[in-house]
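Keep in mind that this is a model prediction, so the values were computed, not measured.
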Amino acid sequence: MGESTKTTPPPHSPPTRPGVPTAAPPAGVSVELEDYQRIAETVGGPSLRWNDNVIQAGIVVGCTSLGALVGAIGWGWKGVLYGGAGMMIASTLLSGLVLMVLGFVRAAKPRR
């Protein structure tokens, strides 16, 4: 009885298709992280990109501070709390919208 001589790829090799050359990932980036980022940008999910996290933190901190300042000018200490909390919620939604647009722009760019 003949045994099949099927070979299986190593567990951590990138998927390949016949006739399509695979490009090596950039230096310092593992294949798994690159695959995760592609899925997170396509389907949605938390981003592990440093720039995305800095953008989101900057928007949230800046808008929360602005909301607290405006609240303090208008209503004193209660305004600081209400203005800061309200702007924190609004700026989280705003930063998500900004990151969504950046993700669409990245996804629209042709891959090398």
Does anything in residues 94-104 pair up under side chain to side chain donor-acceptor pair (under 3.5 Å), and if so which pairs, sequence neighbours excluded?
Q56-S95
Donor-acceptor pairs are to be reported for all side-chain atoms of residues 66-93 against protein atoms at under 3.5 Å, with residues two or more places apart or in another chain.
| from | atom 1 | to | atom 2 | distance (Å) |
| --- | --- | --- | --- | --- |
| S91 | OG | M87 | O | 2.7 |
| S91 | OG | M88 | O | 3.2 |
| T92 | OG1 | M88 | O | 2.7 |

Between CD1 of I55 and CG of L102, what distance do you get to the nearest 0.5 Å?
5.0 Å
Run the side-chain hydrogen bond (donor to acceptor under 3.5 Å, both in side chains) test against T64 and tell me which residues pass, sequence neighbours left out.
none
